[in-house]
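Encoded as structure tokens, the structure appears first; notes follow it.
We're numbering straight along the sequence, starting at 1. One-based numbering, in listed order, for ligands and for the atoms of each. Note that the structure is a prediction, hence the values are computed from the model and not measured.
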Amino acid sequence: MPLIDLIAGARPNFVKIASIIEAIKEAQARGSDLRYRLVHTGQHYDRSLSGSFFKDLGIPSPGVNLEAGSGTQAEQTGAIMVRYEKLLTASSSDLTLVVGDVNSTIACAIVARKLGIPVAHVEAGIRSGDWTMPEEINRVVTDSISNWFFTTSEWAGENLRRSGVDVSRIFFVGNTMVDTLLRHLPRLRPPSCWTEHNLARGHYFVLTLHRPSNVDERSHLLETVREVATGAQGGLVIFPIHPRTRKVLGESVQGELPENLILVEPLRYLEFNFLVKNAKAVITDSGGITEETTVLGVPCLTLRDSTERPETVSIGTNELVGSDPGRIKPALARVIKGLWKKGSIPALWDGNAGHRIVGVLENLRTLI
Ligand code: UD1
């Protein structure tokens with residue numbers, strides 16, 4: 001009866017892990033004896049970034065919450081490592097499964113591997129090539145010590161093979177974030193700003209910004225936000241604001257911003273994706289959102305110079321507009337004129353990645 005630790009710590013992790021838990025539960029209902037322990041590292045602790053996701057996505061309460069909290073990169077990663085090591089020392093697992101590229105991912109992978117517990121990485125092999133991103137370091141280090149690799153694209157598998165990973169350890173399974181989106185599409189519901197601001201399908205934009213490179217310097221952040229607002233040519237721009245971004249802007253910033261820019265608190269999963277699905281376009285520096293807009297067929301402008309998810313650009317609706325705010329208005333003008341590409345869906349982004357992962361885990365049981 002192998003016990004698998006499922007590690008989740010930050011908002012995008014919860015979305016990815018939800019589909020894996022669903023698939024394990026379905027396998028259990030068919031008689032499988034796979035067991036899991038859901039470990040919440042506590043990297044995100046606000047209700048808006050954590051609790052509401054568990055509720056909206058029907059994720060069971062975590063078996064363990066390490067309550068590591070915020071801090072510098074080293075403080076946060078170190079706190080998670082110390083606490084996860086204590087947990088494993090008191091009560092071990094047979095496999096640690098980590099998802100994505102956040103600090104919780106690298107921290108728990110290192111701890112498990114050093115205690116001789118095999119590590120599986122979901123969303124392995126993606127690379128931005130941008131070493132200023134903490135996530136890129138997290139990806140490379142996690143992949144360099146993982147035993148099993150679940151990938152969202154053939155390209156990710158190529159990256160792993162080129163770095164010396166044996167093909168027998170790589171499983172191209174698709175995208176668990178897409179599983180969760182497709183599963184919950186019928187349940188999406190409008191947030192309160194939908195009626196408050198009389199929003200209508202295709203007549204507003206959604207903006208999200210949280211990367212240190214875009215938000216940590218206030219003047220650059222304000223310039224970016226203003227370019228988006230003027231580029232929207234009078235259309236409303238809904239801006240759910242991440243705590244990191246809120247701290248930089250301050251509580252009373254609305255007066256410094258154009259009137260068509262509507263600041264709202266971080267939204268729940270079902271409400272955020274309702275807004276995205278019905279938006280004219282999304283402007284973002286998130287990676288996960290570029291996958292969701294690709295699946296929903298909504299134009300996406302990425303305010304970064306690189307992406308670890310190139311298929312959202314080559315196949316999907318995403319375009320790298322870059323970090324220079326001067327490039328935002330011309331890109332939005334193309335959206336407004338109806339000149340944006342249509343895009344299609346990458347291979348295996350079909351809602352079944354979680355099932356494929358659990359299928360592989362069932363077969364790996366003899367090895368773990
Ligand atoms: C983290 C991930 C990022 C992911 C993002 C999704 C890393 C390195 N970064 O970034 O890849 O895209 O989550 O949201 O793991 N804070 C709160 N409440 C919370 C959590 C954080 O107020 O519940 C504040 C803290 O003061 C902290 C700041 O937000 O200083 C940033 O949080 P942190 O977890 O360090 O990284 P994120 O920017 O959220």
Side-chain angles (χ1 to χ4, degrees), residues 7-18 39-57 62 65-81 83-84 98-110 121-123 126-128 130-142 177 180 206-218 221 239-251 265-269 272-273 276 282 284-293 300 302-304 306-309 312:
I7 308 296
R11 186 164 61 171
N13 291 168
F14 308 136
V15 181
K16 290 165 196 167
I17 217 90
V39 179
H40 189 327
T41 63
Q43 175 172 350
H44 282 176
Y45 43 87
D46 275 4
R47 202 179 146 58
S48 62
L49 298 188
S50 175
S52 76
F53 279 68
F54 279 72
K55 199 150 184 255
D56 277 3
L57 301 177
N65 191 328
L66 302 177
E67 294 178 353
S70 300
T72 65
Q73 292 291 316
E75 283 165 351
Q76 187 174 65
T77 309
I80 299 168
M81 287 181 70
R83 289 161 191 236
Y84 188 48
V98 296
V99 299
D101 54 17
V102 302
N103 289 341
S104 301
T105 311
I106 184 181
C108 293
I110 291 174
H121 184 202
V122 172
E123 202 184 88
I126 63 175
R127 299 285 182 267
S128 68
D130 177 355
W131 288 93
T132 66
M133 290 173 72
E135 292 83 0
E136 183 71 353
I137 297 166
N138 293 345
R139 289 178 200 118
V140 170
V141 174
T142 302
M177 199 166 216
T180 299
V206 175
L207 170 66
T208 82
L209 293 169
H210 75 284
R211 298 243 167 252
S213 58
N214 277 326
V215 307
D216 282 359
E217 195 194 310
R218 192 167 192 272
L221 173 58
F239 185 17
I241 189 156
H242 186 281
R244 173 189 286 281
T245 315
R246 167 66 78 186
K247 271 185 198 160
V248 178
L249 284 180
E251 288 300 327
E265 291 305 307
L267 293 169
R268 306 175 68 111
Y269 180 83
F272 179 72
N273 281 295
V276 168
V282 174
T284 189
D285 61 3
S286 156
I289 292 172
T290 68
E291 298 180 337
E292 292 167 336
T293 48
C300 182
T302 292
L303 305 187
R304 288 173 48 194
S306 62
T307 175
E308 59 289 338
R309 295 162 163 91
T312 63

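The protein heavy atom nearest to atom 21 (C) of ligand 1 is S70 OG, 3.7 Å. Given atom 28 (C) of ligand 1, the protein heavy atom at minimum distance is R244 CB, 4.1 Å. Here the protein heavy atom with the shortest distance to atom 6 (C) of ligand 1 is P12 CD, 3.5 Å.
In this structure, H40 and F54 have parallel ring planes: the angle between them is below the 30° cut-off, well short of the 60° mark.
Contact analysis leaves S50 out of contact with ligand 1, as no non-hydrogen atom separation drops below 4.0 angstrom. Within the structure, the closest approach of R246 to ligand 1 does not fall below 4.0 Å when heavy atoms are considered.
Between E67 and R83 there is no salt bridge, since no side-chain nitrogen of the basic residue lies less than 4.0 Å from a carboxylate oxygen of the acidic one.
The closest non-hydrogen atom to atom 14 (O) of ligand 1, taken over E135, Q43, H210, H44, comes from H44. Closest heavy-atom approach to atom 23 (O) of ligand 1 within the set D46, T208, N13: this belongs to D46.
Residues V15 and L57 share a closest heavy-atom pair of CA-CD1, 3.9 Å. D101 and E123 get closest at one heavy-atom pair: OD2-OE1, 4.4 Å. T245 and I241 make their closest contact through CB-CG1, 3.9 Å (heavy atoms, listed as atom of the first residue, atom of the second, distance).
When only modelled atom types and interatomic distance are considered, S104 and Q43 share a side-chain donor-acceptor pair under 3.5 Å.
Shown in contact with H242 at under 4.0 Å from a heavy atom are these atoms of ligand 1, numbered in order with element: 14 (O), 37 (P), 38 (O), 39 (O). Within ligand 1, counting atoms from 1 as listed, the ones closer than 4.0 Å to a heavy atom of P243 are 16 (N), 17 (C), 22 (O), 24 (C), 29 (O).
With a 4.0 Å heavy-atom cut-off, ligand 1 is reached by the side chain of L49 but not by its N, CA, C or O.
Checking only distances, N138 never comes within under 3.5 Å of ligand 1, N or O to N or O.
Contact of the E135 side chain with the S128 side chain is not registered, since no non-hydrogen atoms from C-beta on lie closer than 4.5 Å.
Judged by distance alone, the side chain of N214 and the main-chain N or O of L303 form a donor-acceptor pair under 3.5 Å.
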